[in-house]
> 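Before I ask anything, here is the structure I am working with.
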Amino acid sequence: MATTETHSPNPAGTQVVVASSRFKTLISNQQFILLIVWILMVIGFSLINHIFFSVGVAENILLDWAPLVLIAVGELIVIISGGIDLSVGAIVGFTGVISAFAMRSLYEGSLAEQPYLVLAIGVLVCVIVGLLVGLINSLLINYAKLVPFIATLVTLGACSGMALVFTKGAPVMGGPREAIALSPAWIGPFSRPVLIVVVVVLILWAFVHKARFGRYTFAIGSNSFAARAAGINVKRHVTKVYMLSGLMAGLAGFFFYLRLGSGAPTSGLGNELDAIAAVVIGGAALTGGVGRVSGTVLGALILTTVTSGLIISGVDPQWKRVVVAALIAIAATLQALRKTEGGAS
Amino acid sequence: MFGTSKASRGLIVAAGAATLLLAACSSSSSSSTTSSAAASSAAATSASASSSASGSAACDVTGKKVAFVMGAESDPFFQAMKVGAAAEAQAKGMELIWQGDAKEYSPATQIPVVDQVLAQKPDALVLIPTDPKALQPSVAKAKAAGVIVANVDTKVEDLTDVTTFITGDNADGGAKAADSLAGAIGYKAGTKYKVVVGLSSETATTNVARLEGFKKAIAEKYPDIEIVDVAYSQSKPEVANTNINNWLTKYPDLNGIFAIDGTNAQGAAAALQAKGLAGKVALVGYDAYPDNVKLVKDGVITSLIAQVPADEAKQAVDAVADALCGNTAGIQKEVVIPNFTIDKNTSEADLKKYTYVA
């Protein structure tokens with residue numbers, strides 16, 4: 001599907017000029033390029049070690065991909081709106097430990113016989129806490145007039161600090177043991193939680209590209225003054241955008257809980273950078289108004305494929321950073337090329 | 001109260017050399033290093049070998065200020081250390097100043113903390129240096145201000161100005177992990193075994209020493225065990241989990257895992273449970289966090305190598321108190337406290353003693 005998608009609407013209203021060369025058409029389709037890059041990676045890693053081409057590895061990659069794509073799509077929406085959300089990684093850890101505390105006390109208390117109810121409450125806690133932090137972000141931006149970078153830096157520090165203080169640095173266990181039992185693959189390489197993430201991402205795709213929510217987001221990111229003049233309640237929409245991002249991070253926090261059977265204050269630390277990397281590799285512009293969910297999905301898939309690929313190949317996984325850096329450089333260059341190619345606005 | 005605390009002192013003093021210790025006590029020599037991993041079993045029995053026997057005149061340290069500057073407040077290891085320090089300081093009537101960065105283990109954040117603590121004019125400074133070189137000037141500064149300095153857990157490069165250095169024996173811990181792992185996989189010479197090691201940091205001295213101790217013991221005693229992979233998690237359990245997940249796919253015949261600290265043990269335990277391999281692949285972890293001790297009881301984690309941070313702190317307080325009284329004769333320049341292996345057979349009493357307070 002990604003191969004046939006076209007370049008997203010340009011903020012300034014410029015259209016990609018009728019391709020003057022095949023090359024230009026090609027580089028304008030970020031999703032197509034990403035798909036090729038990903039396929040080449042899979043082939044390359046499989047040649048290095050044939051075990052890479054297996055359901056087991058696919059399962060591992062998807063387990064990493066799911067939480068990353070959740071926060072990355074949330075981040076994408078913020079970035080399309082012209083903002084940035086640095087707090088998502090901290091929200092992952094924070095919601096993870098808060099819901100772990102809640103689940104532990106319920107599971108050791110009145111709800112010991114109902115593990116799945118406890119887990120459902122755990123999801124709810126993650127969602128509520130994520131939404132609240134997102135709300136605080138938007139209040140800081142809308143009313144304290146902080147720029148998004150600073151506002152979300154504030155909540156990043158507050159959330160990761162509180163997670164450490166509340167837990168004294170130790171993981172919080174003691175919730176339902178059924179959590180880890182949900183992680184193994186169910187259909188092919190897909191576990192139940194991963195399938196739910198796929199559904200969530202599809203819903204967000206429709207939200208961003210097929211609904212008014214998305215149109216408003218692109219409009220604000222392209223030119224917030226024009227958006228306001230057109231009658232969009234910018235403050236209210238910005239609030240929705242950051243709350244959505246917080247919600248996604250909260251869900252990622254719960255996903256980590258399911259994987260580890262515990263909430264750890266260090267979980268998600270620095271994940272905002274992975275999310276931003278996935279978004280940028282996916283072809284979005286940090287200046288706002290440009291981006292596609294399918295690009296971010298592929299960006300996240302490439303990042304997690306690199307992680308597993310390097311481990312399976314026996315290469316020091318630290319090389320991942322270098323590979324990611326190179327991918328970002330290439331993606332950003334293509335982005336810049338597209339901009340100049342788009343012509344004067 | 002002074003007497004009782006002295007009696008219990010050195011409870012698990014550096015096994016390696018109970019004799020060496022005694023020798024050092026009787027002579028006034030202040031240089032003894034006990035890093036031998038071999039005689040580790042002497043651990044708890046050497047309690048009476050405490051250096052406190054060296055005829056100290058009861059001297060009152062009441063009201064003296066002892067400052068601890070540790071690595072990162074968030075780490076349960078330091079929390080456990082704080083408990084030991086607070087208890088001993090209280091027993092001696094000393095005032096405890098406990099400081100350190102909230103979460104960052106780095107000289108950049110630690111050096112200003114040391115300066116700030118020295119401004120409070122403590123009588124003694126127990127420093128857990130986050131870098132052997134970067135904190136050297138801080139030690140010199142304290143010494144110049146007439147403050148007695150001790151190092152715990154990690155040390156500065158040049159120990160000239162340091163009264164005593166008390167540390168857990170990480171190399172010994174690594175060796176104990178190898179023993180435990182070999183036992184769990186039923187090591188027999190002639191059969192080939194595959195194990196992996198999950199670490200947090202490539203540079204932290206604890207990680208390095210544990211890995212070295214582990215490798216050395218494998219090479220010497222269990223040559224048919226092959227360490228097929230190592231990787232680093234940056235203290236994030238989900239990264240440790242990813243590493244183990246992929247290794248379990250890559251090596252379907254994997255025999256064992258050495259998880260070098262708490263977060264790696266957590267990530268590895270989750271991976272084994274999710275893949276239905278708990279109890280089938282041996283998992284030796286490190287650090288006796290309460291939840292990990294629970295996993296030992298459940299059979300997910302084969303064994304845990306535990307340090308005794310509370311005891312390290314206690315001994316440090318004792319040593320600086322002695323130094324404040326001028327009783328330098330009984331103070332060891334370096335005290336190495338061996339680690340302890342917790343497994344299914346560990347008694348409740350020992351579990352209580354070694355599990356960290358979080």
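Computation of the quantities below employed the complete heavy-atom set of this structure, encompassing side-chain atoms and omitting hydrogens, waters and symmetry-equivalent molecules. Protein chains get the first letters and strands the later ones, always in sequence-line order, with residue 1 at the start of each.
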> Compare all side-chain heavy atoms of V88(A) with those of M248(A) and state whether any distance is below 4.5 angstrom.
no
> Can you pull the side chain to side chain donor-acceptor pair (under 3.5 Å) pairs that have at least one residue in residues 246-259 of chain A, sequence neighbours excluded?
D64(A)-R259(A), R259(A)-N241(B), R259(A)-T242(B)
> Go through Q234(B) and L269(A) one step at a time and tell me if the side-chain contact (heavy atoms from CB on, under 4.5 Å) criterion holds.
CA-CA 10 Å; Q234(B) 292 92 42; L269(A) 216 65; over 6 Å; no
> Between atom CG of D287(B) and atom CG of N264(B), what is the distance when rounded to the nearest 0.5 Å?
10.5 Å
> Using 0.5 Å steps for rounding, measure from the OG atom of S245(A) to the CG atom of L70(A).
11.0 Å
> Could you tell me which portion of I180(A) (side chain, backbone, both or neither) has an atom closer than 4.5 angstrom to a non-hydrogen atom of chain B?
both
> Measure I51(A) against the heavy atoms of chain B and call it side chain, backbone, both or neither at under 4.5 Å.
side chain
> Can you run down the side chain to side chain donor-acceptor pair (under 3.5 Å) pairs that involve residues 39-54 of chain A, sequence neighbours left out, and say none if there aren't any?
none
> Just to be sure I understand the criterion: a residue of residues 248-262 of chain B counts if one of its heavy atoms is under 4.5 Å from a heavy atom of chain A. Which ones qualify?
T249(B), K250(B)
> If you define the side chain from C-beta out and look only at heavy atoms, does anything of I121(A) sit under 4.5 Å from L111(A)?
yes
> Less than 4.5 Å to any heavy atom of chain B: does that hold for the side chain of T307(A), its backbone, both, or neither?
side chain
> Measure D298(B) against the heavy atoms of chain A and call it side chain, backbone, both or neither at under 4.5 Å.
side chain
> About how many Å separate CG of N271(A) and CD1 of I71(A), when rounded to the nearest 0.5 Å?
4.5 Å
> Could you tell me which residues in residues 182-189 of chain A have at least one non-hydrogen atom under 4.5 Å from a non-hydrogen atom of chain B, sorted by residue number?
S183(A), P184(A)
> Would you call the rings of F340(B) and Y354(B) parallel, tilted or perpendicular, where under 30° means parallel and over 60° means perpendicular?
parallel
> Among L260(A), I61(A), L63(A), T304(A), which residue has the highest count of heavy-atom pairs closer than 4.5 Å to chain B?
L260(A)
> For V165(A), is it the side chain, the backbone, both, or neither that has a heavy atom closer than 4.5 Å to a heavy atom of chain B?
neither
> Drop me the distance from K194(B)'s NZ to I225(B)'s CD1, to the nearest 0.5 angstrom.
13.5 Å
> Please rank M173(A), R177(A), E59(A) by heavy-atom pairs under 4.5 Å with chain B and give me the top one.
M173(A)
> V228(B), N243(B), D229(B): which one forms the most heavy-atom pairs within less than 4.5 Å of chain A?
N243(B)
> Show, in sequence, the C-alpha distance, side-chain angles and deciding distance for S308(A) and N246(B), and conclude whether the side-chain hydrogen bond (donor to acceptor under 3.5 Å, both in side chains) test is met.
CA-CA 6 Å; S308(A) 281; N246(B) 283 296; 3.0 Å; yes
> In Å, rounded to the nearest 0.5 Å, how long is the span from CD1 of I301(B) to NZ of K294(B)?
12.0 Å
> Working to the nearest 0.5 Å, report the span between CG of L272(B) and CD1 of I244(B).
7.0 Å
